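A quick write-up on the structure given underneath.
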Amino acid sequence: MAVVEKRQDGQSQSQTQSVLQSEQTVTQSQASQTGSQTASQTGSVTGSQSPTAAPMPTIPANAPAGTLSVTKPPQQSTSYYKIAPDEPITFAWNFSYIIVTPTHLTVSAVCENGNTYPVGPTNGIIPGTATSVVWDTYAYQTSQPQLPLAQAKYTLKIWGDQGPDAQRAPGFLTPNNALQFALYTQQGYTPIASGILCLTLSVW
């Protein structure tokens with residue numbers, strides 16, 4: 001701060017007051033800028049901070065491996081589904097002994113001809129807590145002519161973050177491939193005049 005010599009005459013006192021007022025104005029301006037910068041920086045950093053990841057849950061040494069059981073359709077038999085409009089397939093399941101919830105599930109249909117198809121509307125990737133998925137096979141068939149669905153048997157495979165070949169581990173999801181199902185298409189009508197009529201006779 002500048003030092004102004006105090007004088008008796010009114011002119012010097014006026015100059016002194018003018019200088020002090022000017023310095024006070026500068027000081028207030030600097031304080032305002034500092035406060036604005038501090039508030040701006042705090043807001044930017046706070047808003048851009050990533051959420052803290054949840055800690056890994058404690059897994060007891062004797063905990064069983066996590067499992068997934070398909071409840072729809074039944075795993076004990078082979079279900080047949082027609083590839084046709086308005087006939088989507090619903091696959092449903094439940095979990096047991098899951099301690100570490102997967103971030104996502106991958107659902108695929110593996111055909112007996114070796115081709116693998118993603119199941120569901122999101123290219124086979126669904127949230128890790130999902131317990132069902134709906135597959136519109138007709139929509140897939142019409143949108144993927146380069147890899148059409150075959151009339152054949154399929155194995156449904158579902159796995160979590162550890163991949164399709166993950167080994168059994170306490171608390172983690174074990175991949176499931178227990179369900180088999182079949183797909184078929186509606187055969188078009190063939191007039192007798194354009195084909196061969198075959199008769200099957202049953203002799204009793």
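Nothing here was measured: the structure is a model prediction, and the numbers come from that model. One-based numbering along the sequence shown.
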Transitively linked via ILVMFWY side-chain contacts under 4.5 Å: F172 with I126?
-> no
Looking only at non-hydrogen atoms, find the nearest pair between P57 and V100 and report the distance.
-> CG-CG2, 4.0 Å
Any chance OH of Y97 has more than 12 other-residue heavy atoms, nucleotides or ligands included, within less than 6.0 Å?
-> no
Q162 side chain to Q167 backbone, donor-acceptor under 3.5 Å = no
Search all heavy atoms of T67 against all heavy atoms of I98 and return the closest pair with its distance.
-> N-CD1, 4.0 Å
Looking at A152 and C111, what are the two nearest heavy atoms and their distance?
-> CB-SG, 3.7 Å
Hey, does S108 have a side-chain heavy atom less than 4.5 Å from the side chain of Y117?
-> no
Minimum-distance pair of heavy atoms, taken over all atoms of G128 and T101 | O-CG2, 4.4 Å
In this structure, CD1 of I125 is separated from OG1 of T106 (nearest 0.5 Å) by 3.5 Å
Contact list for residues 126-145, test side chain to side chain donor-acceptor pair (under 3.5 Å), sequence neighbours left out | Q144-Q146
Ignoring hydrogens and angles, tell me if any N or O in the side chain of T174 forms a donor-acceptor pair with the backbone of G66 under 3.5 Å.
-> yes
Answer yes or no: is there a side-chain heavy-atom contact under 4.5 Å between I158 and P164?
-> no
OH of Y81 to CD1 of I89: how many Å apart, nearest 0.5 Å?
-> 6.0 Å
Mutual orientation of the aromatic rings belonging to F181 and F91 [parallel < 30°, tilted 30-60°, perpendicular > 60°] = tilted
Is it possible for you to say whether F95 and V70 belong to one hydrophobic cluster, with membership spreading through side-chain heavy-atom contacts below 4.5 Å?
-> yes
With a 4.5 Å heavy-atom cut-off, do Y154 and V110 have their side chains touching?
-> no
Quick one: do E112 and K153 make a salt bridge, cutoff under 4.0 Å?
-> no
For the residue pair A150 and N113, what are the closest heavy atoms and their distance?
-> CB-ND2, 3.6 Å
Does V107 share a hydrophobic cluster with L147, counting links as ILVMFWY side-chain heavy atoms below 4.5 Å and allowing steps through other members?
-> yes
Side-chain contact, heavy-atom cut-off 4.5 Å: L68 with L173?
-> yes
Heavy atoms, side chains only, cut-off 4.5 Å: are Q75 and N176 in contact?
-> yes
Taking C-beta and beyond as the side chain, do L105 and V133 meet within less than 4.5 Å on heavy atoms?
-> no
Once you round to the nearest 0.5 Å, how far does CD of Q151 lie from OG1 of T185?
-> 3.0 Å
For S79 and P73, work out which heavy atoms get closest and say how close.
-> OG-CB, 3.3 Å
Go through the side-chain N and O atoms of D161 and T103 and say whether any donor and acceptor fall under 3.5 Å apart.
-> yes
Backbone N or O of N177 within a donor-acceptor pair of the W159 side chain at under 3.5 Å?
-> no
Side chain of Q180, backbone of T78: donor and acceptor closer than 3.5 Å?
-> no
